[in-house]
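Only one structure is covered here, and it is reproduced in the block below.
Here the structure is a predicted model, which is why all the values come from computation and not from measurement. Naming convention: chains lettered A, B, ... in sequence-line order (proteins, then strands); numbering from 1 in each chain. Heavy atoms only: backbone and side chains are in, while hydrogens, waters and symmetry mates are out.
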Amino acid sequence: MNPLYIHDSLSGEKKEFTPVNPDFVGLYVCGPTVYSDVHLGNCRSFTSFDIVYRYLMYKGYNVRYVRNITDAGHLEGDADINADDKMAKAAKALKLEPMEVAHRYTLGFHKMMDVFNNLPPSVEPRATGHITEQIRMVQDILKNGYAYEVDGSVYFDTVKFAKENAIYGELSGRKLDDLQAESRELKNQGDKRHSADFALWIKAEPTTLQVWESPWGLGFPGWHLECSAMSTKYLGSEFDIHGGGEDLKFPHHENEIAQNCGACGKSPVRFWMHGNMLLLNGKKMSKSIDPETGVSNSVMPDELFEGKSPFFSKPYSPMVLRFLMLQAHYRSPLDLTDEGIQAAEKGYIRLMEGQRALAEMKYEGEEALTSEDQQVNALMERALKDMDDDFNVPKALASLFVLVNKINSFKSGRASVNAISKETFEKLQKFFADFVFVIFGLKDETQGGDEGSSEIVDGLMEFILEMRQSARANKDWGTSDKIRDTLNALKIQLKDGKDGTTWTVNN
RNA sequence: GGUCGCGUGGCCGAGUGGCUAGGCAAAGGUCUGCAAAACCUUGUACAGCGGUUCGAAUCCGCUCGCGACCUCCA
C-alpha cells in the first residue's frame with residue numbers, strides 16, 4: 001500500500017498516516033444537531049468526509065466510521081445556561097416533543113445524505129442515548145481535578161487545565177492570556193469561575209424539557225461532552241481521525257481535547273481534519289439571519305434541486321453539486337455561484353459520458369504498444385498519488401479528465417485503442433469506474449431511464465432512432481430533424497457518432 | 001479590537017522555489033446533410049511594491065483587498 005499523507009490541524013503539518021491498530025481505522029466526524037434541516041454547507045462537510053471514508057476503504061482499511069447525532073444539550077447563544085437549548089427551542093416553536101423534533105430532522109438528514117450518495121456511517125450514536133457515558137466522564141474529570149460543581153452544574157476548569165497542559169489552545173491557536181482578556185467583555189458568567197470555563201453538566205430549570213438524573217441532580221449534558229464520551233466509547237481513548245467543519249475548531253474541538261485529556265490523561269486524536277466552508281456568493285453559508293438584509297445566506301438542498309432558490313437561475317441535480325464539491329480541495333473554501341455550478345454541470349456530464357464510453361468500449365485487434373500506454377498508466381498512478389496527498393480530489397480529477405480526453409479520442413477513432421495494451425485497457429476500465437463511483441461516490445444521472453422503466457424506454461428509444469436513421473438514409477431531413485428537435489425538447493439529446501447514434505438525458 | 005487564513009488567466013479551481021493542472025467560457029479548424037457531440041489548435045495568469053536566490057506565483061517584509069474564528073453553525 002502506498003503511504004497516505006494527511007494534514008493534521010493540531011500540528012499544522014502533513015504527516016504520514018499510520019493507524020493506531022494496523023489495518024483498522026477509527027474515524028469520528030461531528031454530525032448535525034437535529035433541530036432543523038441541513039443546508040448545503042452542512043452537506044459539503046459530510047460529503048468531504050464521505051470521500052475520506054470511501055478512500056480509506058478503497059485503500060483496504062477496515063474503517064469504523066462514527067458520526068454522532070446531537071439531540072440534546074446544544075445551547076443557543078452565549079454562556080447563558082438558563083436559556084433553552086436548540087432542541088428545546090425548536091420543540092416549543094413546532095409544538096412537538098424534543099424527540100419528535102430529533103426524529104423529524106434525523107430522517108431529513110439521512111434522506112439528504114442518501115440523495116448526495118454519502119455512505120451511512122458504521123455507528124451513528126445519539127447524545128441522548130449516551131447519558132450514562134457522559135456522566136461517567138464528568139466524574140472522571142472531577143476526580144482528576146479539572147472540573148468543579150456549583151449548585152447542580154459542573155464546569156470544566158479551563159484555566160487550571162490550560163496552566164497544567166500546554167495543549168489547551170493549540171488547535172485553535174488561542175492563548176490562555178487571550179481567553180482571560182476576553183472575559184472582561186462577556187456577560188452572563190453565571191456560576192462559572194472564568195469565561196473560558198464551559199459546562200459539562202447543566203442543572204435543569206423547572207421548564208427544561210430534556211432532563212436526566214445525575215449525581216448532581218436533574219440536568220442535561222453540555223454540548224462538547226457527547227463527542228468526547230461517544231468517540232471514547234466506540235473508538236477508544238486514542239483514535240486515528242477526527243473530522244468536522246472548520247467552524248467547530250473553537251470552542252467545540254478545543255474543549256473536546258481538554259475533556260478527553262482531563263478524563264483520560266491523553267490527547268484523543270492522531271489526526272484532526274477540518275473541512276473548509278461553503279460560501280454563497282463569497283460569504284459563508286449560514287442559517288442565521290443577516291440583521292442587515294433580513295434573510296439567511298443559505299440554500300437548502302431541495303431549493304437548489306427544484307430550482308426554487310433565488311440565488312440560482314435553474315435547478316441543479318445533487319450529483320452536479322457533488323461534482324462541484326470534488327473540484328475544490330476540502331481545506332479550501334468553495335464559493336457557490338450560479339456560473340460556477342453551471343460550469344460544473346457540463347464538467348459532470350463530460351466525465352460521466354467518458355466513463356460510459358469507456359465501460360462500453362471493446363478491445364479489438366492486435367496490440368500495437370505506443371507511448372500512449374505509458375501515459376495512461378502514469379495518469380492512473382498520479383491520480384492515486386494525489387489522493388494519497390491529503391485527499392487531493394481536484395488534482396486527481398484533473399488526471400481523470402486527461403483520461404477522458406484519451407477515451408474520447410479512442411471513441412471517435414482519432415486514436416486506436418490498440419495503442420495501449422489489453423492489460424492497460426482493462427486496468428483503465430476498472431480504475432475509472434472505481435474512481436468515479438467508488439471513491440468519488442458519483443452516480444450517473446445522465447443515462448436515459450431509471451432502473452424500473454429502462455427496458456421500455458430503451459426499447460422506445462431504439463425504435464425512434466431506427467426511424468430517424470431510415471429517414472436520414474432517404475435524405476428526409478425534415479423528419480429526421482423533427483425527431484431530433486422533439487426529443488431535444490424532452491431534454492433527450494442525440495449524439496451522432498461514427499458507430500451510430502447515442503442519446504442522453506440532460507436535466 | 002484579537003487570532004488565523006487567503007488574493008492564480010473571462011469564470012471556477014489545483015499547484016507552493018526551476019518540470020503542460022483540470023473544468024467552464026471564447027476563437028479557428030476537422031468531422032457532419034445541417035447541427036449537436038467528439039477531436040485538433042490557440043491563452044506565457046499568479047493583488048501591488050520591495051527583498052532573498054543562478055532562478056519566485058511559490059520564501060521574507062510592507063501596502064491594499066477579502067474571508068473565517070473569537071457567540072450557535074459543517
Side-chain angles (χ1 to χ4, degrees), chain A residues 12 29-33 35-36 38-49 74-80 85-86 89 169 172-175 177-179 181-182 185-186 188 223 243-252 274-279 282-288 298 323-324 326-329 331-351 353-354 357 382 386 392-402 404-405 407-415 472 475-477 480-481 484-485 488 493-498 501-502 504:
Chain A
V29 173
C30 286
T33 301
Y35 69 106
S36 67
V38 285
H39 62 60
L40 286 175
N42 306 114
C43 295
R44 179 189 184 197
S45 200
F46 297 123
T47 303
S48 295
F49 289 107
H74 200 155
L75 291 173
E76 282 260 340
D78 63 15
D80 184 4
D85 72 8
K86 285 170 180 288
K89 223 168 186 175
S172 59
R174 240 153 280 258
K175 303 270 181 296
D177 294 346
D178 298 336
L179 293 165
E182 278 160 19
E185 294 158 30
L186 290 173
N188 278 322
W223 174 41
E246 185 96 81
D247 51 359
L248 292 180
K249 255 189 191 171
F250 189 87
H252 187 57
H274 287 96
N276 216 314
M277 299 294 107
L278 182 69
L279 310 180
K283 286 262 159 63
K284 179 183 173 181
M285 194 173 283
S286 172
K287 266 181 229 177
S288 51
S298 72
F323 178 87
L324 179 82
L326 298 178
Q327 285 185 303
H329 187 87
R331 283 194 286 119
S332 298
L334 171 60
D335 195 10
L336 185 62
T337 61
D338 195 48
E339 213 180 0
I341 196 167
Q342 231 170 82
E345 184 169 52
K346 299 224 170 135
Y348 165 72
I349 291 170
R350 186 172 155 85
L351 183 69
E353 290 182 352
R382 202 163 82 184
D386 289 332
N392 199 328
V393 174
K395 219 176 160 191
L397 187 60
S399 292
L400 257 63
F401 270 108
V402 177
V404 167
N405 204 301
I407 293 162
N408 283 334
S409 64
F410 294 151
K411 187 183 163 195
S412 70
R414 186 162 292 264
R472 290 178 75 200
K475 297 198 196 297
D476 180 2
W477 309 129
S480 83
D481 288 353
R484 184 173 69 196
D485 296 344
N488 204 37
Q493 190 188 11
L494 299 188
K495 291 172 185 177
D496 296 329
K498 78 176 164 93
T501 303
T502 58
T504 55

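Counting atom types as modelled, A:R484 pairs a side-chain N or O with a base atom of B:rA35 as donor and acceptor under 3.5 Å. Residue-to-nucleotide contacts include a donor-acceptor pair under 3.5 Å from the side chain of A:D496 to the base of B:rA35.
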Subject >> Footprint string (nucleotides 4-11 of chain B, 5' to 3'): B base within contact, S backbone only, - free, heavy atoms under 4.0 Å >> reply: -------S
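Remark: the separation of the P atoms in B:rG51 and B:rC11 is 30 Å, to the nearest Å. Between B:rG50 and B:rG10, the two C1' atoms lie 30 Å apart (nearest whole Å). B:rA47 and B:rA57 have their C1' atoms separated by 11 Å, with the value rounded to a whole Å. Separation of the C1' atoms belonging to B:rG43 and B:rA25 is 12 Å when rounded to the nearest angstrom. Atom P of B:rA74 sits at a distance of 31 Å from the matching atom of B:rU16, rounded to the whole Å. To the nearest whole angstrom, the two P atoms, one in B:rA26 and one in B:rG61, are 43 Å apart. Look at the C1' atom in both B:rG28 and B:rA68: the space between them is 45 Å, to the nearest Å. Distance noted for atom P between B:rG65 and B:rU8: 16 Å (whole Å).
A:G282 comes within 4.0 angstrom of the backbone, heavy atoms only, and of no base. Among the atoms of the strands shown, base atoms are found under 4.0 Å from some heavy atom of A:L278. Contact annotation for A:Q493: backbone-only contact, meaning every heavy-atom pair under 4.0 Å involves sugar-phosphate atoms and none involves a base. Among the atoms of the strands shown, only primed sugar atoms or phosphate atoms (P, OP1, OP2) are found under 4.0 Å from some heavy atom of A:N392. Residue-level contact check: A:D386 touches neither bases nor backbone, having no heavy atom under 4.0 Å from any strand. Using a 4.0 Å heavy-atom distance criterion, A:H252 is classed as making no nucleic acid contact. Looking at heavy-atom distances under 4.0 Å, A:S480 makes contact with a base. Residue-level contact check: A:G41 touches the bases, meaning some heavy atom is under 4.0 Å from a base atom. Looking at heavy-atom distances under 4.0 Å, A:K283 makes contact with sugar-phosphate atoms alone, never a base. Counting any heavy atom pair closer than 4.0 Å across all strands shown, A:R331 reaches no nucleic acid atom. At a threshold of 4.0 angstrom between heavy atoms, the contacts of A:S286 include nucleobase atoms, whether or not backbone atoms are also involved. At the heavy-atom level, A:R414 lies under 4.0 Å from base atoms of the strands shown. Looking at heavy-atom distances under 4.0 Å, A:R350 makes contact with sugar-phosphate atoms alone, never a base.
Across the protein-nucleic acid pair, A:Q327 atom CD and B:rC12 atom P stand 12 Å apart, rounded to whole Å. Atom C1' of nucleotide B:rA25 and atom CD1 of A:I341 are separated by 17 Å, given to the nearest angstrom. Protein atom CG of A:D485 is 14 Å distant from nucleotide atom C1' of B:rG33, rounded to whole Å. Atoms CG (A:L336) and C1' (B:rG13) sit 14 Å apart, rounded to a whole Å. In this structure, A:D247 places its CG atom 9 Å from C1' of B:rA68, rounding to the nearest Å. The CD1 atom of A:I349 sits 16 Å away from the P atom of B:rA36 (whole-angstrom rounding). Counting to the nearest Å, the P atom of B:rC24 and the CD atom of A:E353 are 11 Å from each other. Protein atom CG of A:L334 is 15 Å distant from nucleotide atom C1' of B:rG22, rounded to whole Å.
By the criterion of a centre-to-centre distance under 5.5 Å and near-parallel planes under 30°, the ring of A:F401 forms no stack with the base of B:rG23.
Of all nucleotides present, only B:rC70 satisfies the Watson-Crick or G-U wobble test against B:rG1, with each distance under 3.5 Å. Remark: B:rG18 base-pairs with B:rC54; criterion is Watson-Crick or G-U wobble with both hydrogen-bond distances under 3.5 Å. Remark: B:rA26 base-pairs with B:rU42. Criterion, Watson-Crick or G-U wobble with two distances under 3.5 Å. Base pairing annotation: B:rA47 forms a Watson-Crick or G-U wobble pair with B:rU63, both donor-acceptor distances under 3.5 Å. Pairing partner, B:rG9: none, since no Watson-Crick or wobble contact has both distances short of 3.5 Å. Base pairing analysis places B:rU32 opposite nothing; no Watson-Crick or G-U wobble pair with both distances below 3.5 Å involves it.
A:T33 pairs by the side-chain hydrogen bond (donor to acceptor under 3.5 Å, both in side chains) definition with A:H74, not counting sequence neighbours. For A:A415, the side chain to side chain contact (heavy atoms under 4.5 Å, CB included) partners are A:S409, A:F410, not counting sequence neighbours.
Each of B:rC72, B:rA74, B:rG22 was ranked by its minimum atom distance to the side chain of A:N42; first place goes to B:rA74. Checked against B:rA38, B:rC72, B:rA74, the side chain of A:P251 finds its nearest nucleotide in B:rC72. Which of B:rG33, B:rG13, B:rA38 sits closest to the side chain of A:W477 comes down to B:rG33. Nearest to the side chain of A:A328, among B:rG2, B:rG13, B:rC34, sits B:rG13. Closest to the A:F250 side chain, of the nucleotides B:rC69, B:rG22, B:rU20, is B:rC69. Closest to the side chain of A:D481, out of B:rG33, B:rG2, B:rA36, is B:rG33.
Between A:K346 and the phosphate of B:rA25, there is a side-chain N or O to OP1/OP2 separation shorter than 4.0 Å. Listed pair A:N405 / B:rG23 fails the phosphate criterion, with no side-chain N or O lying under 4.0 Å from OP1 or OP2. Contact annotation: A:N408 reaches the phosphate of B:rC39 (side-chain N/O to OP1 or OP2, under 4.0 Å).
A salt bridge between A:D335 and A:K284 is absent, with no side-chain N of the basic residue lying under 4.0 Å from a carboxylate O of the acidic one. Salt bridge absent: A:E353 and A:R350 never bring a charged side-chain N and a carboxylate O closer than 4.0 Å.
Closest non-hydrogen pair, A:I407 versus A:G354, comes out as CG2-O, 3.7 Å. Taking all atoms of both residues into account, the shortest heavy-atom contact from A:G340 to A:L324 is O-CD1, 3.7 Å. For A:P394 against A:A328, the heavy-atom pair with the smallest separation is CG-C, 3.7 Å. The shortest heavy-atom contact between A:S399 and A:R382 is OG-NE, 3.7 Å. A pairwise comparison of heavy atoms in A:H329 and A:R44 identifies O-NH2, 3.0 Å as the closest pair. Here the shortest heavy-atom pairing between A:S298 and A:S286 reads CB-O, 3.4 Å.
Each of A:Y348 and A:K395 was assigned the nucleotide of RNA chain B with the nearest heavy atom; the assignment lying further toward the 5' end belongs to A:K395. Between A:D335 and A:G497, the residue anchored nearer the 5' end of RNA chain B, judged by the nucleotide with its closest heavy atom, is A:D335.
A donor-acceptor contact closer than 3.5 angstrom is absent between the side chains of A:S412 and A:R414. Judged purely by distance below 3.5 Å, without hydrogens or angles, the side chains of A:S332 and A:N276 never pair a donor atom with an acceptor atom.
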